[in-house]
4 protein chains.
Amino acid sequence: MHSVPPAEGRSSFIEQARQAQIIRATIDVVAEQGYGAASFARIARRASISPALINYHFRTKDSLMRGVLATIEQRLDAAMAGTEDDEPETYPDALEGMLRRFAEHCWTHGEEITAMTEIRREMRSEILREAVAQSHERGMAELVAFIREGQSYGQFRDVDPALFASVLMSAMGEFPRLPGNSAEERRRVAADWVSLFVNAISVTAGPGEDADHDPAGPTRSGSGA
Amino acid sequence: MHSVPPAEGRSSFIEQARQAQIIRATIDVVAEQGYGAASFARIARRASISPALINYHFRTKDSLMRGVLATIEQRLDAAMAGTEDDEPETYPDALEGMLRRFAEHCWTHGEEITAMTEIRREMRSEILREAVAQSHERGMAELVAFIREGQSYGQFRDVDPALFASVLMSAMGEFPRLPGNSAEERRRVAADWVSLFVNAISVTAGPGEDADHDPAGPTRSGSGA
Amino acid sequence: MHSVPPAEGRSSFIEQARQAQIIRATIDVVAEQGYGAASFARIARRASISPALINYHFRTKDSLMRGVLATIEQRLDAAMAGTEDDEPETYPDALEGMLRRFAEHCWTHGEEITAMTEIRREMRSEILREAVAQSHERGMAELVAFIREGQSYGQFRDVDPALFASVLMSAMGEFPRLPGNSAEERRRVAADWVSLFVNAISVTAGPGEDADHDPAGPTRSGSGA
Amino acid sequence: MHSVPPAEGRSSFIEQARQAQIIRATIDVVAEQGYGAASFARIARRASISPALINYHFRTKDSLMRGVLATIEQRLDAAMAGTEDDEPETYPDALEGMLRRFAEHCWTHGEEITAMTEIRREMRSEILREAVAQSHERGMAELVAFIREGQSYGQFRDVDPALFASVLMSAMGEFPRLPGNSAEERRRVAADWVSLFVNAISVTAGPGEDADHDPAGPTRSGSGA
DNA sequence: GATGAATGAGAATTCATTCAT
DNA sequence: CATGAATGAATTCTCATTCAT
């Protein structure tokens, strides 16, 4: 006699509000106390609701975590998209812009990145639950494609793109934990951090100059990160 | 004259063997299924012993994990120490050697690094249990000192050392997960990976040459991280 | 607007019923099999519920026991209060009334007294958990005050009040174990038992008459223990 | 191939020493931390031996506790026997002497009485384990006989002997917990305590004088407590 | 929609006890 | 004699989940 179990996709108005509230509480708890401490009881207390309500809106803990990840990633994607008018001229510039936007996103949404990292790590252990793994793979794939493209124009050094992407991803997961008390310090750290990766993959104009690429290269056009 | 469960310092022969066996099982479970799955029951099943035996050799789960970390770190330290005769001439060379040795250690003991990373992450959330946190801090401190030293000789680019160390540490934690099926592929990945960080912190010999450092610099002497 | 396991103060209707049921089961088990046997498993079996339900209504075993004690003591206090119209004239009469009411309470609630004694004894060994210890101390203090008052009017013999109180308390703890199969026997035993203590502290009218007190003394007025 | 399991009665020299040592440790632990805390592990630690050794000398925990009780009771009996030349003239005097000797025994062996009380209480719950129950019953029986005798000579008031014995026993169990820091205070408390019971059962020379007994009575002869 | 009540599974840990050495 | 090693049973407690209301 109780209402139809919510299908977790489309939903009434209040339904969406509740889901958002629960997801927010989950992010906070995970970021502050770690995945291991993120029980329904603690999340519910944080959100000032009853634990059973979580099960009502997300059938299982798994699906809650999938919801959390989706939310975080979508917000992250939006933040990293950049506006149309600051379309960069070169690949290094594009990378730099991307990383800078990521850093800025972390200033305001650091807990989300922390939570995302924590959840992904936990999920990874359970034989890579599909949905979750895919989101991560997709992110990686985009990065790899972007790097490969830059390399084809000779604007990125010749490193295994998957490897660079992996290093970058793990560094991004750790970024919110970097010190940064004042706005000023945060800005300095971010700048340094960005330069580190841009430098790591930039073509060195050193002695052994790689002459078979056109370092100045054509302007970046497509992209997709 | 007596004994009662071992105080975990001195230990009989068989005692040490069991402890080692339990630690091994723990590493495997943590690396394969994540910290969250590392219950005494699972660890014991893995080691083909009864769960209570773990409590017999390690009074609490905490102390088991401390034992695991200690073992892993000690083995890692040994592996990264390097032999006396390949004392490197420059700081970049030293860094390269260090990372190369780390990568090699990972080929044979990847699960240990994975487990270490996992455990440390868990600990972090639990208000940083002292002993454990310290080991991590010490590692960081050594790295930072090493980098700062290289910078003082103008052999490392001028990046926030703590930041570089942080990025490096997180990348190291992720290293064992990088693909590497054949011996050959592993070697190639490792080389690329090492070059990435050496490059990231190396002084750019690009057009805008930083002339105020002595790039040739004095030969590295002391140090030891 | 929410709830999460009840904070043990306010409570819904069914909540109170369950708590009462659990407390009852605990009293029975403790009285019949001793504190040592009072595990959640046994209590739950007695109450025909699952052990976890006890944890739902009383977060910890400690709080369960505190609840049990509170219930027993409150019931005991009520039973010993006496009605307004039988206000006794002298201290010995007051003592006698008090003890008689206690004995009567034991006829119908003997297991409660037995359980209370058992639990208090257990608590004593655990470094006297405050709340619990206090209740006992308070009971003792009231008794002591009452005795001292009676002594000041020369209606009680000159014995160390704390000592008398201690002996009386331990005897009260043992009372429910006295034989008493028939109603008649119980009445006789109770009468004897009461007289024992009244006698023990009554002023002896023997040959060596203590003349410095006024044995007839003023009528008892205030007090209330 | 290991030596014959010790029959726990007669025994080699060293065997007896060990048993005594274990019993001592058990008494201490029980008296200080309560029966509930008296695990083999704790007892063994206290005695600086291995837990397994307790099982070697006392097949089971039950038999250990029986041994402890036997030891304590035997020592108590000896202490309460009194010397031949201070044979008392009257029953009240005999009672007084008995209680006084008990109190004195408690000054030096209080933990034993405390432990005995604690153990008996625990045992009682387990459907009165025979051996143990018997020892208690025997003690009670002796007391009852003594009181009845005194009553038959009109030297004790006419109270249910079993009841008086019960009250006395519970008070004795509590005696070691009475305050008594200085030797002087202990003496005073003991004197008061003794007088309490002597008074409680003494024939009152009050108005309603019981004339059918010979209050001066014949001198006490047999006795048996 | 939301909650309280209830539960079974599983967590770490302690315990008395056995047995080979 | 004595011990260390080992274990199964039992302990309190937490968790995700279900269901009637």
Side-chain angles (χ1 to χ4, degrees), chain A residues 1-6 11-12 14-15 17-18 37-44 49-62 64, chain B residues 1-6 11-15 17-18 36 38-44 49-62 64, chain C residues 1-6 11-15 17-18 36-42 44 49-62 64, chain D residues 1-4 6 12 14-15 17-18 37-44 49-62 64:
Chain A
M1 205 236 197
H2 58 288
S3 55
V4 247
S11 41
S12 80
I14 182 159
E15 179 114 3
R18 269 280 185 248
S39 68
F40 276 25
R42 261 187 278 262
I43 295 170
I49 57 172
S50 89
L53 191 55
I54 303 181
N55 275 101
Y56 178 74
H57 287 284
F58 301 89
R59 279 252 157 289
T60 69
K61 193 174 188 182
D62 243 60
L64 164 62
Chain B
M1 187 211 194
H2 68 127
S3 159
V4 237
S11 39
S12 76
F13 173 58
I14 177 159
E15 162 100 11
R18 269 280 185 252
S39 70
F40 277 23
R42 259 188 281 261
I43 295 170
I49 57 176
S50 85
L53 190 55
I54 303 181
N55 280 103
Y56 177 72
H57 289 282
F58 300 89
R59 216 174 279 324
T60 70
K61 192 173 187 181
D62 239 61
L64 165 61
Chain C
M1 187 212 193
H2 68 128
S3 159
V4 237
S11 37
S12 75
F13 173 58
I14 176 159
E15 162 99 11
R18 268 279 187 252
S39 69
F40 277 23
R42 256 186 284 259
I49 56 175
S50 86
L53 189 56
I54 302 181
N55 280 104
Y56 176 72
H57 289 282
F58 300 89
R59 216 175 278 326
T60 71
K61 191 173 186 181
D62 240 61
L64 165 60
Chain D
M1 204 238 197
H2 58 289
S3 55
V4 247
S12 81
I14 183 160
E15 179 113 4
R18 270 278 186 251
S39 69
F40 275 27
R42 260 187 278 262
I43 294 169
I49 57 173
S50 89
L53 191 55
I54 303 182
N55 274 101
Y56 178 75
H57 288 285
F58 300 89
R59 280 250 157 292
T60 70
K61 193 174 188 183
D62 242 59
L64 164 62

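All chains are named by letter (A, B, ...) in the order of the sequence lines, taking the proteins before the strands, and each is independently numbered beginning at 1.
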For this session: May I have the step-by-step check of side-chain contact (heavy atoms from CB on, under 4.5 Å) for B/Leu64 and B/Ile43, ending in yes or no?
Result: CA-CA 11 Å; B/Leu64 165 61; B/Ile43 295 170; 4.1 Å; yes
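- In this structure, C/Ile49 atom CD1 and E/dG8 atom C1' are separated by 14 Å, rounded to whole Å.
- Comparing B/Ala52 and C/Ala38 by the nucleotide of DNA chain F that holds the closest heavy atom to each, the one mapping nearer the 5' end is B/Ala52.
- Using a 4.5 Å heavy-atom cutoff, the side chains of A/Ile49 and A/Arg18 are in contact.
- Atom CG of C/Leu64 is separated from atom P of F/dT12 by 10 Å (rounded to the nearest Å).
- Across all strands shown, E/dA9 is found opposite F/dT14 as a Watson-Crick or G-U wobble partner, with both distances under 3.5 Å.
- Note: CD1 (B/Ile43) to P (E/dT13) measures 11 Å, nearest angstrom.
- For the atom pair CZ (D/Phe40) and CG (D/Leu53), the distance works out to 10.5 Å, reported to the nearest 0.5 Å.
- A 3.5 Å limit on both hydrogen-bonding distances identifies F/dT3 as the Watson-Crick or G-U partner of E/dA20.
- With distances taken from any side-chain atom of D/Leu53 to the nucleotides E/dT13, E/dA6, F/dT3, the minimum falls on F/dT3.
- Distance, D/Phe40 CZ to E/dC15 C1': 10 Å, rounded to whole Å.
- Using modelled atom types, one side-chain atom of A/Arg42 and one backbone atom of A/Ala37 make a donor-acceptor pair closer than 3.5 Å.
- Using a 4.0 Å heavy-atom criterion, one finds that A/Ile14 contacts the sugar-phosphate atoms exclusively.
- Dashed line: the shortest gap from a side-chain N or O of A/Tyr56 to OP1 or OP2 of E/dG1 is not under 4.0 Å.
- One interatomic measurement links the two molecules: CZ of B/Arg59 to P of E/dC15, which rounds to 11 Å at whole-angstrom precision.
- Spacing between atom CZ of C/Phe13 and atom P of F/dT21 amounts to 15 Å, rounded to whole angstrom units.
- Phosphate proximity of F/dA6 to B/His57: present, with a side-chain N or O under 4.0 Å from OP1 or OP2.
- Toward the 5' end of DNA chain E, the nearer of the two residues B/Lys61 and C/Ser50, judged by each one's closest nucleotide, is C/Ser50.
- Between the CD1 atom of D/Ile54 and the P atom of F/dG4 there is a distance of 13 Å, rounded to whole Å.
- Of all the heavy atoms in B/Ser50 and B/Ala44, the pair that sits closest is C-CB, 3.8 Å.
- Contact annotation: C/Arg42 reaches the phosphate of F/dT11 (side-chain N/O to OP1 or OP2, under 4.0 Å).
- In this model, the phosphate group of F/dT11 is approached by a side-chain N or O of C/Ser39 to a distance below 4.0 Å at OP1 or OP2.
- Nearer the 5' end of DNA chain F, as judged by each residue's closest nucleotide, is the contact made by B/Arg18, out of A/Asn55 and B/Arg18.
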